[in-house]
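Owing to the predicted nature of the structure, the values given are computational and were not obtained by experimental measurement. Only heavy atoms go into these numbers, but all of them, side chains included; no hydrogens, no water, no symmetry mates. For this chain, numbers begin at 1 and follow the sequence in order. For ligands, and for the atoms within them, numbers begin at 1 and follow the listed sequence.
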Amino acid sequence: MPVEEFVAGWISGETFFFLPHITPSGRSLPGDIEGVRLQTQTTYQGIIDCMVKTYRHESLLGFFKGMSFPIASIAVVNSVLFGVYSNTLLALTATSHQERWAQPPSYTHVFIAGCTGGFVQAYCLAPFDLIKVRLQNQTEPRARPGSPPPRYRGPVHCAVSICREDGPWGLFRGAWALTLRDTPTLGIYFVTYEWLCRQSTPDRQNPGAATVLVAGGFAGIASWAVATPLDVIKSRMQMGGLKHRVYRGVLDCMVSSARQEGLGVFFRGLTINSARAFPVNAVTFLTYEYLLSSWG
Ligand SMILES: C[N+](C)(C)CCCC[C@H](N)C(=O)O
């Protein structure tokens with residue numbers, strides 16, 4: 001099993017976060033917290049309102065809540081996604097990454113490989129994502145003398161508390177919704193990327209850097225656009241049992257959210273998810289392709 005795809009996925013997942021001087025405010029972290037809060041809480045009127053309130057109550061640090069853990073986990077998860085995707089394509093089409101532009105696989109194969117990568121990565125992502133969502137939903141201001149301490153003191157404390165309260169399986173709360181979100185949408189992710197690259201590149205040639213950036217960015221937007229309804233459900237299921245109500249399952253969560261808040265609930269966080277998806281995925285694909293081609 002070729003491992004360079006896993007390594008390239010590992011590095012490319014992280015690159016975006018190491019470019020703060022190039023994209024000072026483009027780091028995806030603030031956007032991420034707004035998305036999660038808009039989806040799970042009903043006190044915000046929109047992105048701007050959520051940002052203003054977060055800043056007022058929690059200062060700038062509020063925007064970075066729950067992010068140290070995901071940054072560490074992004075490398076692992078991206079490595080699993082790209083590694084499993086590429087090795088599944090290898091199994092289906094008997095072409096290695098280097099041969100793939102010259103002998104392009106069918107879109108069906110790309111879709112199946114993307115779904116497989118998405119399915120496997122969802123289970124690696126589940127505990128990290130749960131901890132992120134739980135920490136991001138803590139709206140208490142930073143600890144002040146005399147004020148009650150927040151429920152979770154940090155990622156490790158959060159993980160330990162969940163294990164203590166719900167057992168180790170508690171870390172996989174919402175994992176099924178996450179799998180439903182990621183399996184088809186990562187198929188769409190790779191199909192969009194391949195399709196856009198092939199549209200703007202002469203037959204059987206490697207795409208240029210600009211093409212990879214644009215195709216990667218739009219692949220991110222397309223997959224987030226389709227994933228947003230299930231992203232809302234996933235975040236709500238992960239918060240179940242805390243201040244929020246417990247749902248009997250994915251369907252129950254969908255029906256009762258729609259009944260109480262209207263169909264618009266499924267599009268909460270869509271704008272912010274798409275805005276962060278473009279730069280993150282443009283850089284991810286560019287780094288991935290660059291690394292694999294330079295390793296020959
Ligand atoms: C499947 N889903 C849409 C959820 C994510 C697809 C893109 C993955 C990328 N690491 C990102 O964070 O944007």
Side-chain angles (χ1 to χ4, degrees), residues 5-6 8-19 23 26-36 39 66-67 69-86 110-111 113-126 128-130 132-133 136 174-194 196 212-213 215-235 237-238 266-289:
E5 282 92 345
F6 285 95
W10 179 287
I11 300 171
S12 64
E14 289 287 48
T15 326
F16 190 77
F17 296 96
F18 291 116
L19 295 173
T23 54
R27 302 183 80 178
S28 68
L29 315 188
D32 192 73
I33 197 160
E34 268 72 62
V36 167
Q39 291 173 343
M67 288 314 298
F69 215 45
I71 291 177
S73 69
I74 282 166
V76 182
V77 172
N78 213 57
S79 156
V80 170
L81 171 64
F82 279 86
V84 172
Y85 165 74
S86 196
V110 172
F111 184 73
C115 291
T116 312
F119 181 82
V120 179
Q121 70 109 49
Y123 280 92
C124 304
L125 175 64
F128 295 115
D129 195 61
L130 175 72
K132 182 197 80 167
V133 168
Q136 288 182 328
W176 175 229
L178 186 67
T179 314
L180 285 180
R181 183 196 77 173
D182 282 5
T183 305
T185 53
L186 282 160
I188 293 171
Y189 179 68
F190 285 105
V191 168
T192 312
Y193 173 73
E194 281 285 324
L196 287 172
V212 169
L213 275 174
F218 279 113
I221 292 187
S223 82
W224 272 109
V226 185
T228 298
L230 270 160
D231 191 45
V232 175
I233 302 304
K234 182 260 336 161
S235 302
M237 307 259 325
Q238 288 172 323
F266 295 122
F267 301 98
R268 289 231 190 123
L270 177 63
T271 320
I272 198 123
N273 279 348
S274 310
R276 71 173 274 289
F278 192 93
V280 171
N281 293 290
V283 172
T284 302
F285 271 104
L286 185 66
T287 316
Y288 177 75
E289 294 288 358

Residue [X] vicinity, atoms of ligand 1 by number, heavy atom under 4.0 Å:
X: Y189; answer: 7 (C)
X: R181; answer: 4 (C)
X: R276; answer: 12 (O)
X: A227; answer: 3 (C)

Considering heavy atoms of the protein only, find what lies nearest to [atom] and give residue, atom and distance to 0.1 Å.
atom: atom 6 (C) of ligand 1; answer: S223 OG, 3.3 Å
atom: atom 1 (C) of ligand 1; answer: T185 OG1, 3.2 Å
atom: atom 11 (C) of ligand 1; answer: W224 NE1, 3.6 Å

| task | For T179 and P184, work out which heavy atoms get closest and say how close. | result |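 Taking every non-hydrogen atom into account, O-CD, 4.3 Å.
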| task | Would you check if the distance from the ring center of F6 to the ring center of F82 is below 6.0 Å? | result |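 No, too far apart.
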| field | N281 versus Y189, side-chain donor and acceptor atoms under 3.5 Å | value |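 There is such a pair (donor and acceptor under 3.5 Å, judged by atom type) between the side chains of Y189 and N281.
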| Side-chain heavy-atom pair Y85, E5 within 4.5 angstrom cut-off |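 No. Closest side-chain heavy atoms not under 4.5 Å.
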| Taking side chain as C-beta onward, heavy atoms only, is F128 less than 4.5 Å from I74? |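 The answer is no, as the side chains (C-beta and beyond) never meet within the 4.5 Å cut-off.
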| request: Out of D182, V77, L178, T228, indicate the one that has the non-hydrogen atom closest to atom 2 (N) of ligand 1. | output: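 The residue whose heavy atom sits nearest atom 2 (N) of ligand 1 is D182.
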| message | Tell me the contacting part of N281 for ligand 1: side chain, backbone, both, or neither, using a 4.0 Å heavy-atom threshold, strictly below. | response |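 N281 to ligand 1: side-chain contact only, backbone stays beyond 4.0 Å.
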| query | For ligand 1, which part of A277 has a heavy atom less than 4.0 Å away: the side chain, the backbone, both, or neither? | reply |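 Neither; nothing of A277 gets under 4.0 Å from ligand 1.
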| L213 side, atom CG; T284 side, atom OG1 - distance, nearest 0.5 Å |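 Reported to 0.5 Å precision, the distance equals 10.5 Å.
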| request: Rounded to the nearest 0.5 Å, what's the gap from CG on L186 to CZ on F111? Could you check? | output: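 Rounded to the nearest 0.5 Å, the CG-CZ separation comes out at 10.0 Å.
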